Trainee: 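Provided herewith is a single structure, encoded as structure tokens, for subsequent inquiry.
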Amino acid sequence: MFGKKHLDYLTDEFTQYYNTKRSHMERDHLPSIREEPGEVETISIDQIEVKKYVGGLIKSFERKVA
């Protein structure tokens, strides 16, 4: 960390991630989906979007919106 302003930024980023995006212990760290999905199609790497949280320390991979 490079000072109070950077610490505040990281704290805010982590708090937002923790409260909205992280997997939850209630589901044994599984996604919020309740049923097992059927057949999953293979997608190419260019259809994947990487989202970064907490200054890039945490990454999430999602399918790009068409």
Side-chain angles (χ1 to χ4, degrees):
M1 290 174 232
F2 303 107
K4 184 181 181 326
K5 189 174 181 179
H6 190 225
L7 176 61
D8 289 342
Y9 167 78
L10 291 176
T11 303
D12 290 342
E13 281 272 314
F14 182 77
T15 302
Q16 182 179 1
Y17 169 79
Y18 185 87
N19 289 327
T20 61
K21 303 290 184 190
R22 71 179 174 94
S23 58
H24 296 278
M25 292 178 67
E26 177 184 324
R27 296 264 307 129
D28 292 326
H29 298 286
L30 295 171
S32 57
I33 193 168
R34 297 285 180 202
E35 307 172 358
E36 219 175 288
E39 185 70 26
V40 178
E41 66 179 89
T42 302
I43 61 173
S44 64
I45 193 78
D46 62 330
Q47 293 177 304
I48 298 173
E49 180 178 0
V50 179
K51 293 191 176 188
K52 297 177 183 178
Y53 304 98
V54 193
L57 295 174
I58 300 172
K59 295 179 184 166
S60 171
F61 302 90
E62 298 176 15
R63 183 179 225 163
K64 286 184 180 177
V65 177

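Note that the coordinates shown come from a computational prediction; the quantities given were computed from them, not determined experimentally. The chain is numbered in sequence order, starting from 1.
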Trainee: Tell me if the CD atom of Gln16 is crowded by more than 12 foreign heavy atoms within 6.0 Å.
Mentor: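 Incorrect, the count does not exceed 12.
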Trainee: Residues two or more places apart in sequence or in another chain: which of them pass side chain to side chain contact (heavy atoms under 4.5 Å, CB included) with Ile43?
Mentor: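 Result, side chain to side chain contact (heavy atoms under 4.5 Å, CB included) vs Ile43: Glu41, Gln47, Ile48, Arg63.
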Trainee: Once you round to the nearest 0.5 Å, how far does CZ of Phe61 lie from CD1 of Ile45?
Mentor: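 It is 8.5 Å, given to the nearest 0.5 Å.
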Trainee: Under 30°, 30 to 60°, or over 60°: which ring-plane class applies to Tyr9 and His6, parallel, tilted or perpendicular?
Mentor: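 Judged by the thresholds at 30° and 60°, the geometry between Tyr9 and His6 is parallel.
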Trainee: For residues Phe14 and Leu57, determine if any side-chain heavy atom of one lies less than 4.5 Å from a side-chain heavy atom of the other.
Mentor: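 No, side chains not in contact.
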